[in-house]
2 protein chains.
Amino acid sequence: MRGMSLSSPPWVVPLNTASATPVYVQVARGLAARIEGGDLADGTALPAERELAGTLGVSRVTVRQALALLAQQGLLTRRHGSGTFVHAPAPERAPRPLGLLTGFSDDIRSRGQTPGARVLGFECAHPTPREVMTLALSPTDTVYRVRRLRTADGEPLAVEESTLPASVMGPLSEDDVTDRSLYGLLAARGLSPVRAVRHLRAVNAEPELAGWLGVSPGAALLATERVSWTADGRPIEHARAHYRGDRYDFVMELHGGRTG
Amino acid sequence: MRGMSLSSPPWVVPLNTASATPVYVQVARGLAARIEGGDLADGTALPAERELAGTLGVSRVTVRQALALLAQQGLLTRRHGSGTFVHAPAPERAPRPLGLLTGFSDDIRSRGQTPGARVLGFECAHPTPREVMTLALSPTDTVYRVRRLRTADGEPLAVEESTLPASVMGPLSEDDVTDRSLYGLLAARGLSPVRAVRHLRAVNAEPELAGWLGVSPGAALLATERVSWTADGRPIEHARAHYRGDRYDFVMELHGGRTG
DNA sequence: GAGTGGTCTAGACCACACA
DNA sequence: GTGTGGTCTAGACCACTCC
């Protein structure tokens, strides 16, 4: 018994009943932190719901609500009749992080590779009719258009073409986009996208694209088109990209609602 | 009072407490049927939870469990302090459908087309090493494997192969997957996925796939792989699909909030 | 203030897993 | 059989919305 109070078991979590955040959320967050922090190893069995409830001083229903939340997030697995087990996000189980609201550079870095860019074209022009639609512009507005070959560890991976409204973006030069993350630049100017709609298709490579990417004409490419909006609801970017099908794997995680 | 018993209000649902299916699932299914059948129009306010509980003769907690299920599926919207409202899947409300936690059938319907399926293969077998990993199985477990040609308005659109653990899924026959939505079947058994990880790549069509899909060998296909989990954290499906690149456009919406 | 959903409790019984 | 999660109950208080 000596010294046990110095380190409480990993499923003991501080609770504040006076707090505005519900107790079951506090329990869930506490356990999630212990799981992600490695205090609760993968496969570990949690105490029984009744015991956990007693230890934490809450009702079993509250514990169940917390556990349901974590199971929904994939951090726990519940097996009727045998118990509740930790399902830690082991690095080797999630070989690649998720393609989310990030730009190419972050995406590649999160795969453990080094992103690069080579500018193929830079212009300041009027928007195409399509860009007028997607970026909510008038035909007389001006836009920046950047075309870059994107590389991962020096190998060609994608050709990316971005269009940004000059009115929202502010001044932009070719140097700004050479070997720099466009999303990083947007963030530096307080224009980080908070919402985006992205389309994905599969296309056969045209000769010009095939040449840039180092694949045979006709090779399968993942074609994406994305429109991003800033927090105040203005469109900030219309990006079109063609990824090498043999080197790029788009990953996403989808969640349903919550139990409540 | 005369004649009222002839047509009960649309939220009154038959219950069988002796049945093996939980009461809250019965309530949810009953309401879902009335919503999808049009008896409960879009925007309609449901009776208060306490009232619904009294009418149905169950506790409020049970009602809440049913409503949570439906809200999770997007059939209801709950507004704290004002009420619970029907959120019928109106086709015109979603001008741009999003590829989300839905199956092929819902996906195609939301595009205004009619989904179809032709079973190419059905088997009950042991999992492959890869399936052992992704579905957290042991090599001696049994899985159902379904391979189907999926059509939209009668035109071939994708070849889809799903693997489902027999232990979680329960009995499954070939008839269950002929011209039926697999996700619909999962929902009917209370196994709706609440979380999924999906990979997308672009590949060139192999001759066999090309034949099924009616494209030339080498045509670009959108290859997706998806693992779905139920609310209790058990993997329920490992699906691999190849979509025609010229006919399918995967759309998703990303938000800045949290995604994982 | 009246009515709504959101949270929480303390108990009970059932169904499943494992020895 | 014993212990586990799954379901269900009757009642309570809080927080929010709307009048």
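All chains are named by letter (A, B, ...) in the order of the sequence lines, taking the proteins before the strands, and each is independently numbered beginning at 1. Values below: all heavy atoms of this structure, side chains included; hydrogens, waters and symmetry mates excluded.
Between the CD atom of Q65(A) and the P atom of dG6(D) there is a distance of 14 Å, rounded to whole Å. When rounded to the nearest whole Å, the span between CD of E51(B) and C1' of dA2(C) equals 15 Å.
Regarding contacts with the backbone of dC8(D), every side-chain N or O of Y24(B) stays at 4.0 angstrom or more from both OP1 and OP2. The phosphate of dG6(D) has OP1 or OP2 within less than 4.0 Å of a side-chain N or O from R64(A). Within the structure, every side-chain polar atom (N or O) of T84(A) is placed at least 4.0 Å from both OP1 and OP2 of dT4(D). Residue R78(B) places at least one side-chain N or O under 4.0 Å from the OP1 or OP2 atom of dG6(C). Taking side-chain N and O atoms only, S82(B) has no distance below 4.0 Å to OP1 or OP2 of dT17(D).
At a non-hydrogen distance threshold of 4.0 Å, nothing from residues 25-34 of chain B comes into contact with DNA chain D.
Qualifying ring pair (Phe, Tyr, Trp, His ring centres under 6.0 Å) partners for Y243(B), counting only residues two or more places apart in sequence or in other chains: Y248(B). Every residue two or more places apart in sequence or in another chain was checked for a side-chain hydrogen bond (donor to acceptor under 3.5 Å, both in side chains) with E161(B), and none qualifies.
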Q) So what is the 5' to 3' dot-bracket string for DNA chain C, if pairs are Watson-Crick or G-U wobble with both distances under 3.5 Å, crossing pairs use [ ] and | means the partner sits on another strand? A) ||||||||||||||||||.
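Applying the salt bridge (charged side-chain N to carboxylate O under 4.0 Å, His left out) test to every pair with at least one member in residues 53-66 of chain A, sequence neighbours left out, gives these pairs: E49(A)-R60(A), E49(A)-R64(A).
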Table of protein N/O atoms under 3.5 Å from nucleotides 13-15 of chain D N/O atoms:
from: dA15(D); atom 1: N3; to: H80(B); atom 2: NE2; distance (Å): 3.0

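Closest non-hydrogen pair, D249(A) versus L200(B), comes out as OD1-O, 3.4 Å.
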